[in-house]
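Here the structure comes first, spelled out in structure tokens, and everything after it is commentary.
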Amino acid sequence: MYKFRRVYSIEIISYYTGYIVLAIAGLMIIPLITSLAFKEWNPMLDFMISCAIALIVGLTLILLGIKTKEGQSNFQWKHGFSIAALSWIVLTMISAIPYTLSGNSKSFLDSCFDVMSGFTTTGLVLLQDLDHVSNGLNMWRHMLTFIGGQGMVVLALTLLVKKTSGAYKMYVGEGKDIELLPNVKGTTRQIWKISMVYLAVGTTALWIIGMLIGLQPVSAFFHALYIFESSWSTGGFAPNTQNIMYYHSVSYEMAAMVIFIIGSFNFGLHYAIWQGKRKEIIKNIEIQSFFITSFVACTLALIGLAKLKVYPDAIAGLRRVIFNVLSAHTTTGFGSIYARQFALEWGDFGVLIMIAVMLIGGSACSTAGGFKGLRVGIVFKGLLMEVKKLLSSERSMKVYKYHHIKDYVLEDSLIKSSAIIILCYTVTFFVGTLLGTYYGFSFLDSAFESASVTGNVGLSIGVTTPSMPAVMKIYYIIAMYLGRLEFLSVFALIGYIGGGIKKVCVNVLKH
Amino acid sequence: MRKCIETLILIFVFMFSLSINIKAEDTVELNSLIENAKQLDGQEVTVQGEAIGERMDRGDYSWVNINDGTNAMGVWLSKADAEKISYYGNYKDKGDTVKITGTFNRACVEHGGEADLHNSSIIIVQEGYTVNEQISIVKIMITIILVAFASLSLLIYFKFSHKVFTTNK
């Protein structure tokens with residue numbers, strides 16, 4: 001006979017968060033081995049220290065909530081959302097340790113900024129002297145962005161915990177809600193399967209191109225792996241200061257562009273295509289939305305930049321404009337021009353287009369950020385529906401639908417929830433812009449950078465530097481975090497902490 | 001005598017200010033090239049920086065990336081010139097410091113609109129070297145202590161979780 005004990009919410013949260021921290025401790029072995037292979041002794045010690053700290057923290061959290069293991073835990077939505085939100089904070093701090101120990105980061109805040117930028121697949125960098133960063137730390141940076149893109153909470157839980165009764169709630173809490181298979185374990189494994197197949201194919205392709213453009217075989221392999229991880233997760237990190245410009249190659253840029261466009265698509269769409277449903281590419285509302293907005297944005301940017309005579313010929317214009325606009329739209333953040341060139345050469349019109357596409361972002365349940373094409377499509381269709389309703393007879397009752405993997409009825413509640421999330425993104429963007437202007441940056445520069453952090457893009461116009469005010473760094477960390485988790489999980493965690501504080505205060509007052 | 005001193009001071013000040021101007025005009029920072037790209041487009045400039053990453057050969061020419069601490073930029077140069085560089089900066093090596101004189105292109109027609117430098121002359125100012133990695137004893141001690149603590153935590157975890165499991169049965 002099993003004896004069940006009541007398990008408190010804090011124990012459930014602590015127990016699962018502990019497992020997620022343990023997973024990160026396990027993952028640190030990869031950069032540790034990389035450092036060992038390249039005989040980089042200091043980075044190797046940095047990862048040993050970080051791994052040990054992660055292990056101690058993880059095990060302590062599990063032991064604090066050990067009753068969850070055998071107790072009758074009532075796993076609720078609030079737990080799932082709180083675990084997802086809290087884990088991201090704890091993991092950011094632990095993952096920042098190797099950055100700080102490397103000496104390439106000016107402060108722990110800068111390290112946390114870079115880690116959050118990686119986890120949220122943003123791609124903004126405060127790390128110093130990037131061209132002399134060790135292979136171990138580069139491996140870690142790119143791993144973080146790759147794992148962050150797929151969702152690290154559920155990966156950790158599906159790998160480490162046998163009974164994932166609350167896994168779906170944590171999965172949704174991490175900003176993903178698609179169900180590829182009837183259970184969450186199957187769904188997350190399918191997501192990882194899709195990503196790993198693309199990893200093998202994409203890295204091989206980039207490796208071959210890398211060798212053809214003059215990179216040495218070993219270095220070509222690591223560059224290929226890093227650029228794939230960054231492209232697929234729509235992250236935007238690169239191992240050198242010049243980002244994608246380091247390679248001076250149109251073929252390398254094209255390969256990266258194909259990968260980040262595919263990476264910005266919904267995992268549900270990937271799965272449907274794997275299942276042989278090829279028509280989904282044409283019918284899907286997100287793909288339609290993405291291609292329409294991409295075409296409009298690229299055309300407008302090309303016209304605007306042609307007017308300003310920014311590029312000497314059509315080939316140069318097409319190569320720079322299409323790559324950067326699509327990099328912004330898919331929220332990747334690879335830049336094939338210098339950050340300051342946006343501000344100095346692209347003009348207000350070009351910058352405004354970039355801001356718009358950065359905010360729209362990629363697909364829902366993908367590695368991309370921003371409002372997401374699905375929400376934009378739903379709100380746009382909702383607007384059309386309202387106009388049609390106004391124009392049609394009161395007696396006519398028509399059901400409006402949209403297609404996303406399957407047909408769905410366009411309900412008012414869905415339009416409302418999509419509009420609320422878009423509103424949350426807009427408010428975050430607006431506050432970021434306001435903060436930038438308060439610290440003396442121009443309105444357009446502030447708006448560009450704010451859109452980049454809110455949409456988890458990673459392109460910079462030159463605002464993000466180690467010398468920028470600490471308040472801005474903290475706000476950008478929060479904006480990246482909110483944008484990636486799509487607000488609800490963070491609100492749940494704040495609500496949970498607020499509720500706890502209220503309870504304590506009431507108890508104190510009663511006594 | 002006073003006049004003589006004043007004249008000497010004036011000459012000294014003049015020479016000092018002139019030397020600053022010459023130094024400033026000698027090399028241009030890479031960030032200045034980006035910030036003043038429209039004015040400097042197509043002009044011959046001299047930059048100085050560390051060769052980083054690796055050389056990428058493209059036929060008879062090569063790409064070499066240089067970093068001067070303010071920014072990094074690609075230099076398009078002949079393979080023969082590129083071969084003069086022996087060290088490229090990375091975690092283990094400090095790259096050669098090179099002085100490049102060449103044409104700055106804000107949006108190079110030959111290279112798809114990239115901001116780059118087309119080299120006309122290269123001077124190795126300082127040869128690079130392999131950095132001797134120093135390992136701190138304190139770091140080693142901290143690592144040993146933390147690994148010991150982590151092992152102890154694992155032991156406690158296994159004992160405790162086993163205990164919880166058996167008492168619940």
Side-chain angles (χ1 to χ4, degrees), chain A residues 1-5 25 38-43 45-46 48-49 51-56 59-60 62-63 66-67 69-71 101 131-135 137 213-216 219 239-242 245-250 310-313 315-317 319-320 336-341 344-345, chain B residues 31 34-38 50 52-58 62-63 65 67 69 71-74 76 89-95 105-109 111-116 131 133-136 139-140 142-143 145-154 156-157 160-161 164-165 167-169:
Chain A
M1 178 103 184
Y2 284 89
K3 191 167 73 184
F4 291 116
R5 277 183 264 172
F38 283 96
K39 295 177 183 170
E40 297 167 342
W41 308 122
N42 269 310
L45 290 176
D46 296 346
M48 281 177 85
I49 291 172
C51 187
I53 293 172
L55 212 61
I56 294 165
L59 291 172
T60 309
I62 292 173
L63 287 172
I66 197 76
K67 275 199 271 175
K69 191 179 178 182
E70 293 305 325
L101 293 175
D131 298 309
H132 291 99
V133 163
S134 65
N135 283 294
L137 189 60
I213 62 168
L215 293 171
Q216 295 300 312
S219 120
N240 291 88
T241 310
Q242 290 150 283
M245 285 190 290
Y246 173 84
Y247 307 98
H248 312 282
S249 162
V250 67
V310 177
Y311 294 106
D313 55 28
I315 294 168
R319 182 171 161 187
R320 300 291 143 191
S336 71
I337 62 168
Y338 289 93
R340 292 295 297 155
Q341 284 186 294
L344 299 165
E345 294 173 19
Chain B
N31 238 3
I34 302 300
E35 290 289 333
N36 307 295
K38 280 182 183 166
E50 181 192 358
I52 47 155
E54 62 192 284
R55 190 180 87 208
M56 284 173 273
D57 294 336
R58 310 276 165 92
S62 300
W63 277 110
N65 293 303
N67 189 330
N71 217 323
M73 193 176 278
W76 180 245
N90 56 44
Y91 178 72
K92 294 213 159 186
D93 299 313
K94 166 84 181 153
N105 300 295
R106 182 189 61 81
C108 181
V109 183
H111 298 115
E114 187 175 332
D116 65 12
V131 180
E133 195 178 8
Q134 303 284 330
I135 305 163
S136 145
K139 201 180 230 183
I140 296 171
I142 291 170
T143 310
I145 293 165
L146 282 170
V147 169
F149 266 109
S151 312
L152 195 72
S153 306
L154 260 176
I156 294 167
Y157 166 75
F160 202 85
S161 62
V164 167
F165 187 73
T167 50
N168 275 339
K169 269 196 171 181

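Model, not experiment: these values are computed from the prediction. Below, chains carry the letters A, B, ... as their sequence lines are ordered, and counting in each starts from 1.
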Original post:
Which residue out of Ile34(B), Val109(B), Val131(B) racks up the most heavy-atom pairs below 4.5 Å with chain A?
Top reply: Ile34(B)
Original post:
Could you walk me through whether Lys92(B) and Lys39(A) pass the side chain to side chain contact (heavy atoms under 4.5 Å, CB included) check?
Top reply: CA-CA 10 Å; Lys92(B) 294 213 159 186; Lys39(A) 295 177 183 170; 3.5 Å; yes
Subject >> With sequence neighbours excluded, residues passing side-chain hydrogen bond (donor to acceptor under 3.5 Å, both in side chains) with Tyr247(A) >> reply: His223(A)
Original post:
If you measure from CG on Leu215(A) to CD on Glu54(B), what distance do you get to the nearest 0.5 Å?
Top reply: 4.5 Å
Original post:
Can you tell if the side chain of Lys38(B) reaches within under 4.5 Å of the side chain of Leu344(A), non-hydrogen atoms only?
Top reply: no
Original post:
Of the backbone (N, CA, C, O) and the side chain (C-beta and beyond), which part of Tyr338(A) lies under 4.5 Å from a heavy atom of chain B, both, or neither?
Top reply: side chain
Original post:
Do Lys139(B) and Asp46(A) come within less than 4.5 Å of each other through their side chains, counting heavy atoms only?
Top reply: yes
**OP:** Begin from the C-alpha positions of Tyr91(B) and Asn42(A) and carry the test side chain to side chain contact (heavy atoms under 4.5 Å, CB included) through to its verdict.
**Re:** CA-CA 11 Å; Tyr91(B) 178 72; Asn42(A) 269 310; 3.8 Å; yes
**OP:** With sequence neighbours excluded, tell me which residues meet side-chain contact (heavy atoms from CB on, under 4.5 Å) with Asp131(A).
**Re:** Asn240(A), Thr241(A), Ile52(B), Asn67(B)
**OP:** With rounding to the nearest 0.5 Å, note down the distance linking CG in Leu146(B) to CG in Leu45(A).
**Re:** 11.5 Å
Subject >> Among the listed options Asn65(B), Asp57(B), Asn71(B), Asn31(B), the residue most often paired with chain A at heavy-atom distances under 4.5 Å >> reply: Asn65(B)
**OP:** Just give me the residue among Arg58(B), Met73(B), Glu50(B) that pairs up with chain A most often, heavy atom to heavy atom, under 4.5 Å.
**Re:** Arg58(B)
Original post:
With no hydrogens and no angle check, is any side-chain donor or acceptor of Glu114(B) less than 3.5 Å from a backbone partner on His248(A)?
Top reply: no
**OP:** Go through the atoms of Val133(A) and report whether side chain, backbone, both or neither lie under 4.5 Å from a heavy atom of chain B.
**Re:** backbone
Subject >> Region of Asp93(B) in contact with chain A, defined by heavy-atom distances below 4.5 Å >> reply: backbone
Original post:
Taking Pro312(A), Gly317(A), Cys51(A) one by one, which has the highest count of heavy-atom pairs under 4.5 Å against chain B?
Top reply: Pro312(A)
Original post:
Between Met245(A), Met48(A), Arg340(A), which shows the greatest number of heavy-atom pairs under 4.5 Å with chain B?
Top reply: Arg340(A)
**OP:** Measure Pro43(A) against the heavy atoms of chain B and call it side chain, backbone, both or neither at under 4.5 Å.
**Re:** both
**OP:** Could you grab the distance from atom OH of Tyr157(B) to atom CD1 of Ile62(A), nearest 0.5 Å is fine?
**Re:** 5.0 Å
Original post:
Of all heavy-atom pairs between Ala107(B) and Tyr311(A), which one has the smallest distance, and what is that distance?
Top reply: CB-CD2, 3.9 Å
Original post:
Closest approach of Ala52(A) and Val147(B), non-hydrogen atoms and distance?
Top reply: CB-N, 4.0 Å
Original post:
Considering all heavy atoms of both residues, which atom of Ala115(B) and which atom of Gln341(A) are nearest to each other, and what is their separation?
Top reply: CB-NE2, 4.1 Å
Subject >> Heavy atoms from other residues, nucleotides or ligands near CD1 of Ile140(B) exceed 12 (cutoff 6.0 Å) >> reply: yes
Original post:
Can you tell me how far the CD1 atom of Ile145(B) sits from the CD1 atom of Ile49(A), to the nearest 0.5 Å?
Top reply: 10.0 Å
Original post:
Does Val310(A) offer a backbone N or O that forms a donor-acceptor pair with the side chain of Arg106(B) under 3.5 Å?
Top reply: yes
Original post:
For chain B, which of Ile213(A), Leu55(A), Ile337(A) has the most heavy-atom pairs under 4.5 Å?
Top reply: Ile213(A)
Subject >> Ile156(B) side chain near Leu59(A) side chain, heavy-atom distance below 4.5 Å >> reply: no
Original post:
Counting heavy-atom pairs under 4.5 Å to chain B, which of Glu40(A), Gln242(A), Glu345(A), Arg319(A) comes out on top?
Top reply: Gln242(A)
Subject >> Contact class of Leu152(B) relative to chain A, heavy atoms under 4.5 angstrom >> reply: neither
